Amino acid sequence: MIGKLHNRITFQSQSSVSDGAGGVVTTLVDYYTCWAQMARNTNDRTDIAGKDNINDDITFRIRYTTSKVFTNKLVISYQSRLYNINSVIDEGDNNRYFLIACSTLK
């Protein structure tokens with residue numbers, strides 16, 4: 001299985017930072033980077049009001065870790081695209097891998 005974890009993904013969290021003019025802006029900050037396997041990947045292309053809309057649902061498999069907490073408040077950056085986390089499951093309940101189901105960030 002280890003050889004199949006060859007995709008680099010980065011979990012990112014939202015953070016508020018100063019914009020230098022006395023205001024605050026929300027930006028994404030790297031939280032955790034790891035190797036992952038694409039367990040499932042589906043693309044759905046629709047044409048709504050003359051505009052193409054591509055929905056990309058993807059499931060990543062990563063090694064189990066207790067040092068980080070993964071919730072749907074994080075997003076995943078993979079190949080310059082952002083994905084919302086829909087669910088995080090301990091695959092087989094044996095503390096070896098997480099399955100993380102995601103969809104394209106709208």
Side-chain angles (χ1 to χ4, degrees):
M1 176 71 71
I2 291 174
K4 295 183 180 190
L5 300 174
H6 60 273
N7 299 295
R8 199 73 166 158
I9 64 172
T10 301
F11 292 84
Q12 296 179 320
S13 63
Q14 290 187 356
S15 178
S16 297
V17 295
S18 173
D19 66 1
V24 177
V25 295
T26 301
T27 186
L28 291 174
V29 177
D30 291 353
Y31 174 72
Y32 181 67
T33 300
C34 64
W35 294 102
Q37 175 189 15
M38 278 198 300
R40 286 184 289 280
N41 187 8
T42 59
N43 294 318
D44 180 26
R45 182 180 210 118
T46 57
D47 184 13
I48 300 173
K51 278 188 143 181
D52 280 341
N53 186 24
I54 299 173
N55 294 322
D56 193 11
D57 292 329
I58 191 167
T59 300
F60 294 105
R61 178 180 285 120
I62 65 169
R63 284 188 198 96
Y64 184 88
T65 181
T66 56
S67 66
K68 299 292 181 180
V69 176
F70 304 109
T71 67
N72 61 355
K73 292 182 181 180
L74 299 173
V75 296
I76 291 179
S77 173
Y78 172 66
Q79 294 184 343
S80 301
R81 296 188 75 183
L82 294 176
Y83 295 90
N84 283 323
I85 296 175
N86 298 328
S87 67
V88 178
I89 300 169
D90 177 4
E91 183 179 28
D93 290 327
N94 59 8
N95 297 342
R96 293 187 62 203
Y97 297 100
F98 283 124
L99 285 177
I100 302 171
C102 306
S103 58
T104 306
L105 182 63
K106 305 269 191 252

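From a predicted model like this one, the values you see are computed outputs, not experimental measurements. We count residues from 1, following the sequence as given.
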Asker: Check the orientation of Phe60 and Tyr78. Use parallel for under 30°, tilted for 30 to 60°, and perpendicular for over 60°.
Answerer: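 Phe60 and Tyr78: perpendicular rings.
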
Asker: Rounded to the nearest 0.5 Å, how far does CG of Asn86 lie from CD1 of Ile58?
Answerer: 12.0 Å

Asker: Would you say Val69 and Leu74 are hydrophobically clustered, going by side-chain heavy atoms of ILVMFWY under 4.5 Å?
Answerer: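 In one cluster: yes.
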
Asker: Mind checking the CG-OG spacing from Asn84 to Ser103? Nearest 0.5 Å is all I need.
Answerer: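 One finds 5.0 Å between CG of Asn84 and OG of Ser103.
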
Asker: When Gln12 is tested against each of Val29, Thr33, Leu28 for side-chain contact (heavy atoms from CB on, under 4.5 Å), which residue passes?
Answerer: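 Checked Val29, Thr33, Leu28 against Gln12; only one passes side-chain contact (heavy atoms from CB on, under 4.5 Å): Leu28.
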
Asker: Quick check for you: to the nearest 0.5 Å, what is the distance between Asn95 atom CG and Arg63 atom CZ?
Answerer: 15.0 Å

Asker: To the nearest 0.5 Å, how far apart are NZ in Lys4 and CZ in Arg61?
Answerer: 8.5 Å

Asker: With sequence neighbours left out, which residue pairs that include part of residues 18-27 fulfil the side chain to side chain donor-acceptor pair (under 3.5 Å) condition?
Answerer: none

Asker: Kindly give the heavy-atom pair with the smallest separation between Asn7 and Gln37, and that separation in Å.
Answerer: ND2-CA, 4.0 Å

Asker: By side chain to side chain donor-acceptor pair (under 3.5 Å), which residues pair with Ser67, not counting sequence neighbours?
Answerer: Thr65

Asker: Flag yes if Leu5 and Ile89 sit in one hydrophobic cluster, no otherwise; membership is Ile, Leu, Val, Met, Phe, Trp, Tyr, and two members link when side-chain heavy atoms are under 4.5 Å apart.
Answerer: no

Asker: Is it the case that atom NZ in Lys73 sees more than 12 heavy atoms from other parts of the structure closer than 6.0 Å?
Answerer: no

Asker: Looking at every heavy atom in both Cys34 and Ile62, which two are closest together, and how far apart are they?
Answerer: SG-CG2, 3.7 Å

Asker: Determine, stepwise, if the pair Thr10 / Ser77 fulfils side-chain hydrogen bond (donor to acceptor under 3.5 Å, both in side chains).
Answerer: CA-CA 5 Å; Thr10 301; Ser77 173; 5.5 Å; no

Asker: State plainly whether one hydrophobic cluster holds both Ile85 and Tyr83, where clusters connect Ile, Leu, Val, Met, Phe, Trp and Tyr through side-chain heavy atoms under 4.5 angstrom apart.
Answerer: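 Ile85 clusters together with Tyr83.
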
Asker: To the closest 0.5 Å, what do you measure between CD1 (Ile76) and SG (Cys102)?
Answerer: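 Here the rounded value is 3.5 Å.
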
Asker: Could you name each residue pair satisfying ring-ring contact (aromatic ring centres under 6.0 Å, His included) that touches residues 15-38, not counting sequence neighbours?
Answerer: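 Output for this query lists Tyr32-Phe70.
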
Asker: So, Tyr64 and Asp90: side-chain donor and acceptor under 3.5 Å apart, yes or no?
Answerer: no

Asker: If the threshold is 4.0 Å, N to carboxylate O, is there a salt bridge linking Glu91 and Arg96?
Answerer: no

Asker: Run the side-chain contact (heavy atoms from CB on, under 4.5 Å) test on Ile100 and Thr59 for me, step by step, so that the C-alpha distance in whole Å, both residues' side-chain angles and the decisive distance to 0.1 Å come before the verdict.
Answerer: CA-CA 5 Å; Ile100 302 171; Thr59 300; 5.9 Å; no

